[in-house]
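Below is one structure, written out as structure tokens, with a few remarks after it.
All ligand and atom numbering here is 1-based and tracks the order in the structure.
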Amino acid sequence: MPIDTQRLHQLMDYEAARDAPPTNFPALPPIPSARYTDAGFYELERQVMFRKTWLLAGHLDEIPEPGNFQRWDMAGLPVVLVHTEDGSVNALLNRCSHRGAPVAMANKGKKKRFTCPYHGWSYAHDGQLLAVRDARDFRDLDMSASGLQRLRCERLGKLIFVNFDSHTPSLRECLGALVDEWAEFDLEHCRLSRRDRFTVRCNWKIAMEANLEVYHVPSIHGRTVAPVLDSRRNVNTFYPGGHSRMVAPIPAGHTNPAWQSRWPEITNAGEIARTCTQSYSVFPNLVMPLNQFVIPPIQFWPDGPDQCIVETWTMAPDWGSTAENGPDMWTEDAGARPSLVLREDIEMSEAIQETLDATHATGIPLSYQEARIYHAHQSADAAIGRERIPADLQVEAVLNEPWWHPNEPRLA
Ligand code: FES
Ligand SMILES: [Fe+2]
């Protein structure tokens, strides 16, 4: 189903009129603050959760032709993405089956085959081992079982996703309703304009969660974000699998900044995209704002319990000139520093981390309008497996299916 515009408008009216959380909305137990500081919990996230969820790893424009490859190490494992002869994209573990050298040393390039720089074993784009130097010196080497490990790799339009787990359902199944709701944004043709990375001194969830609520907007984004959304009319939606969405109308009288009119619009973008500030989160670490001008995802990569890498992207309909001239949603001076709105969030996120590190663990109370954060934590425990998580760090599953899309108790 495409986005249900009428229902969203009803919900905006509902949110503006209520004077308490909806009846029957569950009380959200406090989030243990040690989830943002504890090294053991960080390892569980990284080694379990990030190993079985679909992660945005690349864009087809980065490897446009057969033979083009690009390394991707953001999830903590060495991966190489390669555009194959038949037009598909493969993800391979960038680790030679001989003694572990990376078969792709350069960050990106073009190769007919991967030849290991150490002793010259060579591999096809599907990972198959093609040739071994001095093969006569190996006894019982099974060539057919000695290829590069192939990882799951699926695309949504030009977006390339990787999953390290063989049991997780397909990308489309995991995205669920989001696939149809995003159809109007024509991800098949969105062109990549920028991709940048910034190291931030806070747990990845602190930075991510600044994008899961608009409660903080009047305090720290008074001039940047506050003018583009009516937070009283904000509507949160919870999807199965930990995904969620916010939609808040752009106040009447707001005019789009001049830079936007320089770029072609996404022709099929619907009314919500054009009249609201809309942002999805895709479990576990992708935030996906969507409007008629740009598709600007942000990702939050764990890099230690109290450090993360914020990766920002700008994609847009073809703007018809060289790559350097495309739109840039998130940086200033072509990647030199994050944009003002990101800096506002980063400054606060780093300050919060310092406070949490320096003080005793407590419970963090969340309000109804911050419930997308709860949904993500609860889904993290489901992904990790509650039995693996120390009792004092667990989050109780209270926000359940009756509150997940397409159910809508608020209008019942
Ligand atoms: S490590 Fe790759 S050929 Fe030896
Ligand atoms: Fe923010």
Side-chain angles (χ1 to χ4, degrees), residues 69 71 78-80 92-106 111 113-124 127-139 141-143 145-149 198 200 202-231 234 236 244-248 250 277-281 285-289 296-300 308 310-312 329-331 337-353 366-367 369-370 372-373 376:
F69 70 90
R71 288 175 56 156
V79 175
V80 59
L92 306 168
L93 203 62
N94 188 16
R95 184 207 140 112
C96 179
S97 308
H98 179 218
R99 279 166 55 196
V103 294
M105 292 282 278
K111 285 192 193 304
R113 52 169 67 182
F114 293 111
T115 301
C116 179
Y118 203 13
H119 313 95
W121 288 23
S122 63
Y123 301 88
Q128 190 195 345
L129 178 59
L130 297 173
V132 169
R133 183 192 301 162
D134 298 338
R136 63 180 184 167
D137 286 342
F138 285 91
R139 221 190 274 281
L141 176 69
D142 181 354
M143 297 267 297
S146 302
L148 300 174
Q149 188 186 330
F198 303 100
V200 176
C202 71
N203 183 277
W204 68 279
K205 298 187 297 301
I206 293 180
M208 168 109 181
E209 289 164 12
N211 295 273
L212 300 188
E213 47 90 354
V214 295
Y215 193 27
H216 72 284
V217 167
S219 310
I220 69 170
H221 302 302
R223 295 206 181 147
T224 47
V225 184
V228 298
L229 59 87
D230 177 354
S231 55
N234 179 60
N236 290 334
S244 62
R245 177 189 61 193
M246 63 140 293
V247 171
I250 299 172
T277 295
Q278 163 178 255
S279 178
Y280 287 78
S281 76
N285 75 329
L286 171 63
V287 168
M288 188 79 162
I298 321 180
Q299 286 173 289
F300 301 87
C308 66
V310 175
E311 180 162 43
T312 60
M329 182 73 183
W330 295 124
T331 85
R337 63 186 162 277
S339 66
L340 176 59
V341 60
L342 283 182
R343 294 202 305 274
E344 290 170 341
D345 279 328
I346 288 170
E347 186 186 350
M348 180 54 70
S349 298
E350 292 186 335
I352 292 171
Q353 186 70 45
L366 294 175
S367 67
Q369 62 165 301
E370 297 165 289
R372 292 173 66 205
I373 296 174

Check: How open is the angle at atom 4 (Fe) of ligand 1 from atom ND1 of His119 over to atom ND1 of His98, rounded to 10 degrees?
Finding: 90°
Note to self: So if I count the atoms of ligand 1 from 1 in the order they appear, which ones are less than 4.0 Å from some heavy atom of Tyr118?
What the structure shows: 1 (S)
Next item on the list: Of all the heavy-atom pairs spanning Pro296 and Trp330, show the shortest one and how long it is.
Entry: O-NE1, 3.1 Å
Item checked: Whether Gln353 side chain and Asn203 backbone form a donor-acceptor pair below 3.5 Å -> yes
Check: So which protein heavy atom does atom 1 (S) of ligand 1 come closest to, and at what separation?
Finding: Arg99 N, 3.3 Å
Item checked: Atom CZ of Arg71: over 12 foreign heavy atoms under 6.0 Å -> yes
Next item on the list: Find the distance between NE2 (His221) and CG (Leu342) and round it off to the nearest 0.5 Å.
Entry: 8.5 Å
Notebook entry, point to check: Which of the atoms of ligand 1 are close to Gly120, meaning less than 4.0 Å from one of its heavy atoms?
Noted result: 3 (S)
Checklist line | the Fe ion (ligand 2) to nearest N/O/S of Asp345 less than 2.8 Å | finding: yes
Note to self: If the cut-off is 2.8 Å, does any N/O/S atom of Cys116 fall short of it from atom 2 (Fe) of ligand 1?
What the structure shows: yes
Note to self: Within the 4.0 Å heavy-atom shell around Trp121, which atoms of ligand 1 are there?
What the structure shows: 3 (S)
Next item on the list: For residues His98 and Tyr123, report the shortest heavy-atom separation together with the two atoms involved.
Entry: N-OH, 4.1 Å
Next item on the list: Enter the distance from Phe114:CZ to Cys96:SG here, rounded to the nearest 0.5 Å.
Entry: 12.5 Å
Check: Which heavy atom in Val214 sits nearest to a heavy atom in Met246, and how many Å separate them?
Finding: CG1-SD, 3.7 Å
Check: With a cut-off of 2.8 Å, does any N, O or S atom of Cys96 fall short of it relative to atom 2 (Fe) of ligand 1?
Finding: yes
Check: In His216, the N, O or S atom nearest to the Fe ion (ligand 2) is which?
Finding: NE2
